[in-house]
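What follows is a single structure, written as structure tokens, with notes after it.
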Amino acid sequence: MAMDFKSIPLIDISPLLEKWDHPNVAQDEGVAQVVRQLDQACRHAGFFYVKGHGIPISLMEEIKSVTREYFHQPYEEKIKIKLSAATGYRGYQRLRENRTKGIPDMQEAIDFYREVKHGMYGDLGEVIQGSNIWPSNPSKFKQVMEHYIDLCTDVSRKIMRGIGLALGGSADEMEGKIAGDPFWILRTIGYPASSILDEHHKADNVVGCGEHSDYGLLTLLNQDDDIVALQVRNKSGEWISAPPVPGTFVCNIGDMLKILSNGIYESTLHRVINNTPRYRVCVAYFYEPNFDATVEPLDVCSQKTGGTKSFEGAVYGKHLVSKVFNNFAM
Ligand SMILES: N=C(N)NCCCC[C@H](N)C(=O)O
Ligand SMILES: O=C(O)CCC(=O)C(=O)O
Ligand SMILES: [Fe+2]
């Protein structure tokens with residue numbers, strides 16, 4: 001039995017990115033090493049840092065700076081893109097508007113989802129139907145974010161190829177019906193400095209985001225430098241900090257990958273507490289299955305765990321919609 005994790009591993013994925021479409025990708029020694037590291041990280045922590053991802057650090061920084069600039073504006077400006085049922089739950093949510101397990105989170109955020117055209121997934125798609133509403137300030141916000149989303153989608157797809165191999169399947173394991181047409185979510189998040197909070201809240205260790213697992217396959221977190229606020233729960237129930245490592249993404253696996261792996265990989269609980277005197281930003285990109293995918297344990301995984309499937313099939317879009325309703329229960 002491996003020791004419970006006390007820190008989060010860092011993986012250089014550049015060999016995987018270089019060879020991702022080679023016909024014998026799994027035979028490449030560099031790739032095989034990345035795949036082993038992914039497997040270990042996903043089994044034990046469900047979290048890992050990645051470097052060698054190819055997304056320019058200057059862009060990662062710009063994403064955080066436009067996010068900070070947006071949240072720095074007066075409330076009247078931010079509320080122009082207010083999230084509501086009518087916007088398909090896309091847009092700005094003020095402090096404490098988003099809830100986790102019923103408790104308001106000390107964060108403000110903007111949610112963006114891949115476009116869902118009218119009628120696209122029938123009743124299932126109706127709740128988040130629509131296009132994103134973009135802030136007009138900072139003026140480059142939309143252009144920079146859309147470029148970033150494309151790059152994150154590409155990197156995530158390639159990491160998922162490595163994870164397919166790590167699970168003993170093929171590099172294409174997640175393509176087609178599972179995530180050949182992946183849904184995505186982008187959340188730009190701001191966590192107020194603890195100094196702005198009143199004495200009562202301070203005493204409570206104000207929670208920026210309560211403990212939760214993510215919903216889909218893989219999350220890429222671009223977190224603020226210098227502030228330690230993200231915490232990951234290990235199997236013994238200890239909270240392990242995930243301090244910022246400049247130029248890296250913090251990656252974690254979501255509920256749909258837990259199901260696909262038949263529980264070999266865990267969608268690890270995590271939370272955010274910003275106990276510092278500085279406003280913290282984080283931009284979370286979520287790589288998800290096809291919106292209408294029915295996700296069930298892969299055969300290659302259930303064979304490894306004694307032939308039984310520990311989970312019923314789950315429709316990803318249904319899972320997402322039920323989470324969205326919980327987050328914004330009026
Ligand atoms: N799209 C994703 N995965 N967002 C994660 C947000 C987690 C917090 C949310 N209030 C919740 O309770 O789920
Ligand atoms: O702010 C962070 O570091 C993590 C946010 C998060 O876990 C989420 O939005 O799902
Ligand atoms: Fe999360």
Side-chain angles (χ1 to χ4, degrees), residues 8 45-49 60 63-64 67-68 71 83 88-91 93-114 127-128 132 149 152 156 182-192 206-233 239-245 248-258 266-276 278-289 291 316-329:
I8 293 163
F47 264 80
F48 49 95
Y49 294 91
M60 293 179 75
I63 291 297
K64 285 178 284 199
T67 296
R68 194 185 313 278
F71 288 128
L83 169 153
Y89 293 90
R90 297 150 191 265
Q93 54 217 258
R94 66 183 188 281
L95 289 178
R96 302 187 184 90
E97 187 168 349
N98 199 319
R99 291 158 180 263
T100 300
K101 298 186 179 145
I103 300 168
D105 288 323
M106 189 53 74
Q107 57 162 261
E108 52 185 333
I110 318 178
D111 279 334
F112 303 94
Y113 296 95
R114 195 181 146 173
V127 175
I128 55 145
N132 291 314
I149 289 165
C152 288
S156 302
F183 196 68
W184 56 257
I185 305 169
L186 188 81
R187 307 196 70 210
T188 58
I189 317 167
Y191 302 91
V206 157
V207 175
C209 186
E211 69 171 79
H212 67 279
S213 60
D214 291 344
Y215 317 151
L217 294 171
L218 184 73
T219 306
L220 305 187
L221 294 174
N222 178 2
Q223 62 167 335
D224 219 342
D225 296 323
D226 303 324
I227 298 178
V228 182
L230 173 62
Q231 301 175 352
V232 181
R233 197 177 183 276
W239 289 102
I240 307 301
S241 283
V245 178
T248 68
F249 287 99
V250 177
C251 293
N252 63 283
I253 64 180
D255 300 334
M256 295 298 117
L257 184 49
K258 175 182 182 158
E266 183 62 58
S267 50
T268 306
L269 292 171
H270 53 285
R271 68 181 185 188
V272 178
I273 298 176
N274 181 18
N275 259 334
T276 78
R278 279 184 48 207
Y279 189 95
R280 174 179 185 266
V281 296
C282 182
V283 178
Y285 167 89
F286 303 98
Y287 183 81
E288 314 279 280
F291 191 80
Y316 164 69
K318 250 185 160 162
H319 183 59
L320 174 65
V321 164
S322 75
K323 292 286 187 176
V324 169
F325 281 147
N326 274 321
N327 290 343
F328 300 107

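In listed order, ligands and their atoms are each counted from 1. What you see is a predicted model, and the numbers here were worked out from it, not measured in a lab.
Interatomic distance, Tyr113 OH to Leu186 CG, rounded to the nearest 0.5 Å: 11.0 Å. Between the CZ atom of Phe249 and the CG atom of Leu218 there is a distance of 10.5 Å, given to the nearest 0.5 Å.
Taking a cut-off of under 4.0 Å to the non-hydrogen atoms of Ile189, the atoms of ligand 2 that pass are 5 (C), 9 (O). Using a 4.0 Å cut-off to heavy atoms of Ile185, the atoms of ligand 1 that qualify are 1 (N). Residue contact check: Asn98 has heavy atoms under 4.0 Å from atoms 9 (C), 10 (N) of ligand 1. Within ligand 2, the atoms closer than 4.0 Å to a non-hydrogen atom of Arg187 are 9 (O), numbered from 1 in the order shown. Near Arg280, with a cut-off below 4.0 Å to any heavy atom, the atoms of ligand 2 are 1 (O), 2 (C), 3 (O). Distances below 4.0 Å separate heavy atoms of His270 from the following atoms of ligand 2: 7 (O).
Residue Arg99 comes nearest to Asp105 through the heavy atom pair C-OD2, 3.9 Å, listed as atom of the first residue, atom of the second, then distance. When every heavy atom of Thr268 is checked against every heavy atom of Arg233, the shortest pair comes out as CG2-O, 3.3 Å.
Counted by atom type alone, Glu288 and Tyr316 present one or more donor-acceptor pairs between their side chains at under 3.5 Å. Side-chain contact check for Asp111 and Gln93: at least one donor-acceptor pair (N or O, by modelled atom type) lies under 3.5 Å. Side chains of Gln107 and Arg96: a donor-acceptor N/O pair is absent below 3.5 angstrom, by distance only.
Protein heavy atom closest to atom 8 (C) of ligand 2, with residue, atom name and distance, is His212 NE2, 3.6 Å. Looking at atom 4 (C) of ligand 2, its nearest protein heavy atom turns out to be Val272 CG2, 3.6 Å. Protein heavy atom closest to atom 7 (C) of ligand 1, with residue, atom name and distance, is His212 CD2, 3.2 Å. For atom 5 (C) of ligand 2, the closest heavy atom belonging to the protein is Tyr191 OH, 3.5 Å. Protein heavy atom at the shortest distance from atom 1 (N) of ligand 1 is Tyr215 CE1, 3.3 Å. The nearest protein atom to atom 11 (C) of ligand 1, hydrogens excluded, is given as Asn327 OD1, 3.0 Å; this is a heavy-atom distance.
Counting heavy atoms under 4.0 Å from ligand 2, residue Thr219 does not touch it at all. Residue Phe286 touches ligand 1 through its side chain alone, judged by heavy-atom distances below 4.0 Å. Contacts between Phe286 and ligand 2, counted as non-hydrogen atom pairs separated by less than 4.0 Å, involve the side chain only.
A donor-acceptor distance shorter than 3.5 angstrom exists from the side chain of Asn274 to the backbone of Pro192, with no hydrogens or angles considered. With Arg90 contributing its side chain and Arg114 its backbone, the two residues share a donor-acceptor pair below 3.5 Å. The main-chain N or O of His212 is found under 3.5 Å from a side-chain atom of His270 such that the two form a donor-acceptor pair.
Looking at heavy atoms from C-beta onward, Ile273 lies out of side-chain contact with Trp239 at the 4.5 angstrom threshold. Between Ile227 and Pro244, the closest side-chain pair of non-hydrogen atoms is not below 4.5 Å.
Under 2.8 Å from the Fe ion (ligand 3) lies no N/O/S atom of Cys209, from backbone or side chain alike.
Where the criterion is an N or O separation shorter than 3.5 Å, residue side chain and backbone included, Ser213 fails it with respect to ligand 1. Remark: ligand 1 and Thr100 share an N or O pair separated by less than 3.5 Å (distance only, no angle test).
As for Asp214, its N/O/S atom nearest the Fe ion (ligand 3) is the one called OD1.
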